[in-house]
Amino acid sequence: MRGIWEEFRAALCIPGGNRRTPPPPPRPGRAGEDLLSALPDDMLLLVLLRLPSAAAAARTSVLSRRWRHLWARLPELRFRFRHPADPLALARSRAALAAHAGPALLLLRVVAYDADAGDAAAMLRLAAPRLTGKLFFRNVVPDCRQKMEEARAGARAAIELPCFDKAERLLLRLGYLRLLMPPTGVFAKLTVLYLAHVQFQGACDLGDALSSARCPLLQTFTLNHAQGVSNLTICSESLHIMSVHHLEGLQQLTVVAPILRELTVFGCFMMRQPVVDISAPVLKYLKWGETYDPTSVQLGELKQLRELDTICFAGYGLFEYMQNCGIVLLLQHIQKIAVLSMIIFPIDTVNCQYLMEATTLLLDIENLRLFLITRGHAIGTCVFHMLEISTSIRRLNLDIQEGIEEEVACSPGCVCHQPHDWETKELIFSSLQELKICGLSGADCDFTFVKRLLGWTPVLKTIIIKFNPSAFVDEELCKELLALSGPESCMKIHFYRNGAKVIYTP
């Protein structure tokens, strides 16, 4: 009883107040009346909503007869099981959901461990007719067993997803449980669908379930780490945002969405030539993490595209050469763009070529963002060749990350040890006004390149340089950088000294 009061008293605390000293429980009136229980049901339900889980709310039933079934009218239910070894946890939550007597369920949140397909299916069937808001269902599988669960997913029983005809959002992370999409029914109110770590059963016609006829209001669709989808066709007149990540075995992707604004296709055609046909005339943001071959990938004219996010390799063998050539063709297809973001992987190869073809593109770019996974390589050469793509940029952001440390940074024949083009060639960025560099190492070669870069930027107004926490930075080095900034430039240098963050500025 005391534990229940502690939870209850904490729930009565005012948001932002001192939760360490919650107010005491209300005392009975002079005539022995329970003043708290005399409050209207709506107010008591607001108090129960602040408890951490449906189980905590249900435990208030022991306080008095007045509280016995009050929790069953909550508009939100949260079930979270902290003990993976409890095989009956999901069954108990199913019984609690069956006892729910409220007119509508605005939120159902279930976090289970190694859920059985039968229990999960029964839970979803109970939720479907009640839910009018959001469902979040997560089946937690330990990291050490994820690969095993992926491999044996085909041997498990399948869950048939019921038709949630009144729900607005469905977010399911199934831990590679098998899923059957409903063959009939209309998700009349659904606006957001998120499916992750799922294996689709048999010949999955996911596209039919997501069509405008069956999901007339669907605006956001995400499919992440899925198996069993070989051909995916999405035709939707309402879809605004679509994202597909790591679809194992995908062979063909077709999207017809006249008002689609954002599209992500990443890691779905690993080591295979993509077959993609996209019809999205008002697309503004594209994240493309695949090779690009115009003979098999049709992206339309992309006249409204504002931002492209993609990947390239600074040096390449056969596979990397195909990847980079595809990027060049994709950039040629676009020509003008507001924001170009690239993840760059420098590769340790002897006599490697860089993205030299791109130096002739001279794209019209406003904002260039480069994310470099250095893995011990110097940044100068690959960044220089990327900067040659367009000298008209207004903002440049370099985010440098070391990635996986290697015993040997690069071989003796790597371009890091060859003469650098940026030491002799000249670039002038007459429009560049903002420069931000994050994760700069203390290596002499990288520092020399940054000084060279500052010399190419005569009209910079804002300069932010953040050194890696492991880099040694002294005041003389900061003064050397400040001397390269113009009289109208505002420069800030962030570094660490004795574990504390220091900001150096004029």
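In this text, all values refer to a predicted model and were calculated from it rather than measured experimentally. Below, all heavy atoms of this structure are taken into account, side chains as well, without hydrogens, waters or symmetry copies.
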TODO: Before giving the answer on salt bridge (Lys or Arg N to Asp or Glu O under 4.0 Å), spell out for Arg369 and Glu307 the whole-Å C-alpha distance, their side-chain angles and the decisive distance to 0.1 Å.
DONE: CA-CA 11 Å; Arg369 302 171 181 168; Glu307 182 173 350; 3.4 Å; yes

Task: Step-by-step side chain to side chain contact (heavy atoms under 4.5 Å, CB included) determination, Phe221 to Leu239 - done: CA-CA 8 Å; Phe221 170 59; Leu239 199 60; 4.0 Å; yes

- [ ] Test Leu180 against Leu161 for side chain to side chain contact (heavy atoms under 4.5 Å, CB included), laying out the working first.
- [x] CA-CA 6 Å; Leu180 280 168; Leu161 183 69; over 6 Å; no

TODO: Might you work through the side chain to side chain contact (heavy atoms under 4.5 Å, CB included) test for His494 and Tyr504, ending with a clear yes or no?
DONE: CA-CA 6 Å; His494 300 245; Tyr504 190 95; over 6 Å; no

Open item on the list: Please determine whether side chain to side chain contact (heavy atoms under 4.5 Å, CB included) holds for the pair Asn139 and Tyr113, giving the CA-CA distance in whole Å, both sets of side-chain angles, and the decisive distance to 0.1 Å.
Closed with: CA-CA 6 Å; Asn139 180 31; Tyr113 291 86; 5.7 Å; no

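One finds the OG1 atom of Thr254 at 9.5 Å from the CD1 atom of Ile234 (value rounded to the nearest 0.5 Å). Taken from OG1 in Thr222 to CG in Leu195, the straight-line distance is 9.0 Å, to the nearest 0.5 Å. With rounding to the nearest 0.5 Å, the separation of CG in Leu124 from CD1 in Ile159 is 6.0 Å. Interatomic distance, CZ of Phe266 versus CG of Leu247, reported as 12.5 Å (0.5 Å rounding). Between the CG atom of Leu232 and the CG atom of Leu206 there is a distance of 5.5 Å, given to the nearest 0.5 Å. Considering CG of Leu427 and CG of Leu432, their distance stands at 11.5 Å, rounded to 0.5 Å.
Among all heavy-atom pairs drawn from Met386 and Leu370, the shortest one is CB-CD1, 3.9 Å. Closest non-hydrogen pair, Val473 versus Cys478, comes out as CG1-SG, 3.8 Å. Closest approach of Cys215 and Leu190 over heavy atoms only: SG-CD2, 4.3 Å. Between Met491 and Leu482, the closest heavy-atom pair is SD-CD2, 3.4 Å. Ser341 and Phe371 get closest at one heavy-atom pair: CB-CE1, 4.3 Å. Here the closest heavy-atom approach between residue Leu368 and residue Ile393 is recorded as CB-CG2, 4.1 Å.
A donor atom on one side chain and an acceptor atom on the other are found under 3.5 Å apart for Ser470 and Asn468. Under the 3.5 Å distance criterion, with hydrogens and angles disregarded, no donor-acceptor pair is assigned to the side chains of Tyr194 and Arg169. Inspection of the Ser296 and Gln273 side chains reveals an N or O donor paired with an N or O acceptor under 3.5 Å.
Using modelled atom types, one side-chain atom of Thr310 and one backbone atom of Trp288 make a donor-acceptor pair closer than 3.5 Å. Checking side-chain atoms of Glu290 against main-chain N and O of Phe269 turns up a donor-acceptor pair under 3.5 Å. With hydrogens and angles ignored, the 3.5 Å screen pairs a side-chain donor or acceptor of Arg214 with a backbone N or O of Gly185. A donor-acceptor distance shorter than 3.5 angstrom exists from the side chain of Ser212 to the backbone of Glu237, with no hydrogens or angles considered. A donor-acceptor pair is defined here as one N or O able to donate and one able to accept, closer than 3.5 Å; such a pair exists between the side chain of His333 and the backbone of Gly300. Checked by atom type and distance alone, the side chain of Ser236 pairs as donor or acceptor with a backbone atom of Ser238 at under 3.5 Å.
A 4.5 Å side-chain heavy-atom check between Phe187 and Asp165 finds every atom pair outside the cut-off. Put simply, the side chain of Leu477 reaches to within 4.5 Å of the side chain of Phe467, judged on heavy atoms. At a threshold of 4.5 Å between non-hydrogen side-chain atoms, the residues Thr291 and Pro274 count as touching. Side-chain atoms of Phe200 and Leu223, non-hydrogen and from C-beta on, do get closer than 4.5 Å to each other. Side-chain contact between Leu135 and Leu172 is present, with at least one heavy-atom pair separated by less than 4.5 Å. Taking the side chain as every heavy atom from C-beta outward, Leu331 and Leu308 approach each other to under 4.5 Å. Residues Leu263 and Ile278 form a side-chain contact, since some pair of their non-hydrogen atoms from C-beta on lies under 4.5 Å apart. Here the side chains of Leu305 and Leu286 are in contact, with some heavy-atom distance below 4.5 Å.
A 6.0 Å sphere centred on NZ of Lys189 holds no more than 12 heavy atoms belonging to other residues, nucleotides or ligands. Annotation for Arg109: atom CZ does not count as buried by contact number, only 12 or fewer foreign heavy atoms lying within 6.0 Å.
Taking the side chain to side chain donor-acceptor pair (under 3.5 Å) definition, one finds that Asn367 meets it with nothing, sequence neighbours left out.
Looking at Gln219, Gln304, His240 one by one, the single match for side chain to side chain donor-acceptor pair (under 3.5 Å) with Arg261 turns out to be His240.
Sorted by first and then second residue, the pairs that involve residues 426-455 and meet side chain to side chain donor-acceptor pair (under 3.5 Å), not counting sequence neighbours, are Glu426-Arg452, Ser441-Asp446, Lys451-Glu480.
Figure legend: Lys501 and Phe495 shown without cation-pi pairing, the cationic atom not lying both under 6.0 angstrom from the six-membered ring centre and within 45 degrees of its axis.
Between Glu366 and Lys336, none of the side-chain N atoms (NZ, or NE/NH1/NH2) sits under 4.0 Å from a carboxylate O, so this pair counts as no salt bridge.
Between Phe449 and Trp456, the angle of the ring planes goes over 60°, which puts this pair in the perpendicular group of the 30/60° scheme.
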